[in-house]
Amino acid sequence: MIVKIKKRDGRTVTFNIEKIAQAIYKAAESVGGSDYETALELSGKVVDMLMAKNVITPSVEEIQDCVEKVLIEEGHAATAKSYILYRSMRTKAREMDTRLMKVYEDLTFKSAEDSDLKRENANIDGDTAMGTMLKYGSVGAKEFYEMYVLEPEHAAAHENGDIHIHDMDFYTLTTTCTQIDLTKLFTGGFSTGHGYLRTPNDITSYAALACIAIQSNQNDQHGGQSIPKFDYDMAEGVKKTFRHRYRDNIRRGLELLADVPDNPDIAQKCADFLSKRGLVPTLANDNGYMEEEAQLLSSYADAKVVKKIQNFAFKNAIKETDRATYQAMEALVHNLNTMNSRAGAQTPFSSINYGTDTSIEGRMVIKNILLAEEAGLGNGETPIFPIHIFKVKEGVNFNQSDPNYDLFKLACRVSAKRLFPNFSFIDAPYNLQYYKEGDPNTEIAYMGCRTRVIGNAYDPERQIVTGRGNLSFTTINLPRLGIKAHYSIEEFYRLLDAELQLCIDQLMHRYRIQASKKVKNFPFLMGQGVWIDSEKLSYNDTIGEVLKHGTLSVGFIGLAECLKVLTGKHHGESEESRELGLQIIRHMRERMDKETEATGMNYSLLATPAEGLSGRFVKMDREAFGDIPGVTDRDYYTNSFHVPVYYKINAFEKLAIEAPYHELTNAGHISYVELDGDPLNNLSAFEKVVRYMKEVGIGYGSINHPVDRDPECGYTGIIGDRCPRCGRTEAEHRKSAKERIPRIKVECSAADKT
Amino acid sequence: MEIRIAGLAEESIVDGPGFRYTIFTQGCPHNCKGCHNPQTHDPDGGRLDDTDRIFEQIIKDPLLDGVTFSGGEPFCQCKPLVCLAKKIRSFNERKLGIISYTGYTFEQLMKRSETDPDCKELLSLLDYLVDGRYEEDKRSLELKFRGSSNQRFIDVKRSLKEGRAVEADTEYL
């Protein structure tokens with residue numbers, strides 16, 4: 001007689017035959033059975049079997065072994081299969097629980113330097129309370145999704161490194177990124193959830209609210225936040241500041257030169273009166289405001305004095321507005337490097353695009369944001385955020401006769417010192433096709449990391465950058481497909497097609513989850529109308545329809561190693577590999593286009609950025625396939641379509657080889673050029689690279705060069721004979737030898753580094 | 001023509017304005033204290049290359065603004081450098097400038113030109129000359145394209161016309 005059983009955790013509890021019967025019944029039910037009596041009868045046989053073995057207090061495992069045996073022996077094959085499957089799934093879940101607890105233990109008791117997990121995202125300090133809290137959530141979510149949410153084949157493909165599902169810890173929670181239209185957001189004011197903010201009234205608050213918008217939206221998404229037309233958005237604030245400063249200086253002039261006291265406030269009354277008639281003072285001074293104003297003021301002073309007051313006010317208002325703009329931009333750069341988001345553990349991943357606004361106000365914004373970047377942070381060090389992207393356009397800022405050419409030159413100078421801005425090219429044909437003169441929403445913009453969203457199959461009338469972004473992306477491990485293909489191109493394409501299908505299915509699976517979310521899940525992104533069309537939804541509406549403006553992207557890593565394993569040479573080394581490389585990536589793009597056409601969803605192809613991922617893939621492939629020369633024998637697979645960094649190649653050749661891929665990767669791309677030396681001493685060389693990028697059809701490019709770091713005081717930047725921070729000379733430094741650090745590379749999907 | 005070189009930098013941004021194709025000639029008699037490239041001193045070291053081959057390389061790169069002769073001491077190999085410089089001068093698709101470094105002074109080279117037609121011709125083919133030995137106690141990192149403050153960035157065309165060394169303002173190159 002069995003009275004007690006032993007549970008897994010060691011406790012003994014009273015035996016209950018009903019429990020066995022229920023388990024058997026459930027298994028039978030899942031394959032169409034409905035006979036509880038039989039289940040009970042079979043349970044009796046299990047007990048008999050245990051008694052026959054002379055087991056007095058059986059363990060759970062022993063009972064389950066017997067259940068399997070009885071089911072098979074009694075001819076219930078289908079039920080037995082179902083029972084075994086269920087049992088193994090439970091076992092896996094239990095192991096996972098144990099594993100998760102082990103991970104939690106590491107997170108809790110190990111410091112970041114001893115824990116890979118705590119260090120995997122440089123943007124999060126894994127030693128802090130909030131950083132650790134974020135990690136608990138992140139690893140727990142990943143385990144849960146793998147077990148219970150993902151389709152098993154997607155989970156397996158991710159787990160074994162065929163593909164990488166980015167930001168998996170956010171799989172069921174949110175989307176990647178947005179290009180925020182600040183002008184739209186500021187119109188009528190907005191709320192951050194804890195307080196309502198009025199439409200800002202001068203450049204200082206425009207810049208401050210820009211940061212708050214980035215921060216708030218960052219709390220709703222796991223990827224980056226980008227301002228696609230920063231100059232146009234901020235120009236409104238400059239206009240307002242100028243109006244106020246002009247009025248203030250009129251007031252001063254009246255008091256000093258015409259003895260008019262400021263009570264009643266004549267300057268204000270005058271401004272109000274004219275503004276009701278639609279007249280405001282402008283920097284361009286081309287609307288007749290000053291003439292009308294002169295008439296109003298003529299009753300307080302004679303014409304000559306009025307003229308003098310106006311000239312004084314105009315001149316000083318310009319000066320003060322320029323100064324205020326600089327300070328606002330300086331504050332923005334500082335804020336974006338210090339403010340926190342995402343449980344307080346990370347700075348927002350922010351990007352700003354600018355360069356094409358030719359209005360006086362827009363130009364003032366561009367000039368001052370560049371000067372603020374050039375000045376650097378508190379100790380003169382190079383800021384990491386925001387990522388600056390200067391939009392290059394012929395007729396606007398590219399040629400000597402263009403209105404913003406001076407700002408293009410300034411952008412080159414600042415980039416030569418600070419590594420930012422990067423440069424984007426509106427004239428590249430695949431970008432130019434969307435461009436409508438006078439509509440900044442149609443000017444190509446990039447997320448700092450490279451993401452690009454503009455084409456719109458869901459709504460071809462609105463092929464714009466603003467209010468849109470990527471929903472999610474998944475990356476294919478190209479070298480592995482190359483290895484598995486055993487030198488057969490046909491086999492390679494067969495494998496590639498299967499992988500593409502898998503990714504497309506998985507992206508759609510994820511989209512369906514995202515689509516079931518409601519406006520209330522994204523209080524800022526959707527609640528404040530940041531995402532396109534979300535302003536038409538109410539609190540409890542689902543967002544599936546408006547999300548269709550976003551993109552679903554398949555990315556790839558290691559084209560170079562893939563070519564190497566297929567042909568023996570990568571695309572830097574041989575013409576034929578160059579051809580094959582383009583063929584492969586074109587094939588992938590065509591598959592995306594086909595899916596777009598079939599579904600009306602925006603499927604696109606991404607040149608994946610994540611450097612951490614290239615290390616993960618190669619490690620797994622080395623374990624599986626061994627050291628393959630030129631393929632798995634380094635620490636990283638080469639990023640996307642890049643020519644390998646270890647391969648010595650001239651800048652012009654590298655750019656010419658990589659440019660055609662920019663056209664194919666419509667979800668985003670970037671090419672880097674490394675300059676050996678300080679480009680500040682050779683700006684013509686720097687500018688030449690930018691011009692050449694445009695010429696060969698690069699969409700988004702970045703120029704790297706060595707940046708000095710003083711090992712004693714930690715200053716980062718260009719160091720001449722004396723360190724700008726500690727003031728010591730080179731000879732004094734020599735004891736500790738000045739080191740050169742490579743460019744700080746920051747990644748896009750900040751939460752995801754596995 | 002054969003030329004003995006220590007090495008090539010195909011896209012240098014530190015040997016003159018814009019992108020330069022820099023040829024480091026092999027062999028140098030100056031023995032400056034603290035020299036950056038002592039391996040270039042031995043006149044029998046380095047390797048032999050061909051000026052035609054180098055010329056073909058140069059014209060392939062659309063980013064280049066010009067060519068820089070460095071070393072080693074370029075004026076120890078005037079003949080092949082004249083041969084290369086002439087080819088560069090007659091190349092019309094793009095304008096390519098020519099700069100040479102030297103451990104001699106401009107005045108010393110002028111003097112030598114009176115008896116050495118190759119030296120004279122090489123000088124006449126240059127746009128700029130960075131002259132003078134490297135003097136370690138005058139080293140500075142803040143000098144554009146130069147190692148020590150005694151060295152001059154000389155506008156050769158103007159200098160030859162005026163018969164004296166005229167320095168160029170490197171800020172505006």
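All of these numbers come straight from a predicted model, not from anything done at the bench. Residue numbers start from 1 in every chain, and the chains themselves are labelled A, B, ... in the order their sequence lines are given, proteins ahead of strands.
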### Query
For the candidates A:Asn681, A:Leu683, A:Val689, which exhibits the highest count of non-hydrogen atom pairs separated by less than 4.5 Å from chain B?
A:Asn681
### Among A:Leu675, A:Leu655, A:Asn682, residue most engaged with chain B (heavy-atom pairs, under 4.5 Å)
A:Asn682
### Message
Treating A:Glu658 as the side-chain partner and A:Val643 as the backbone partner, does any N or O pair qualify as donor plus acceptor under 3.5 Å?
### Response
yes
### Message
ring pair (Phe, Tyr, Trp, His ring centres under 6.0 Å), that's the test. Do A:His669 and A:Tyr446 meet it? Break it down for me.
### Response
CA-CA 9 Å; A:His669 38 245; A:Tyr446 287 84; 5.4 Å; yes
### Query
Contact part of A:Asp676 toward chain B, heavy-atom cut-off under 4.5 Å: side chain, backbone, both or neither?
backbone
### Message
Do A:Thr567 and A:Ser577 pair up side chain to side chain, a donor and an acceptor below 3.5 Å, judged on atom types alone?
### Response
yes
### Between B:Arg20 and B:Ser12, a side-chain donor and acceptor under 3.5 Å
no
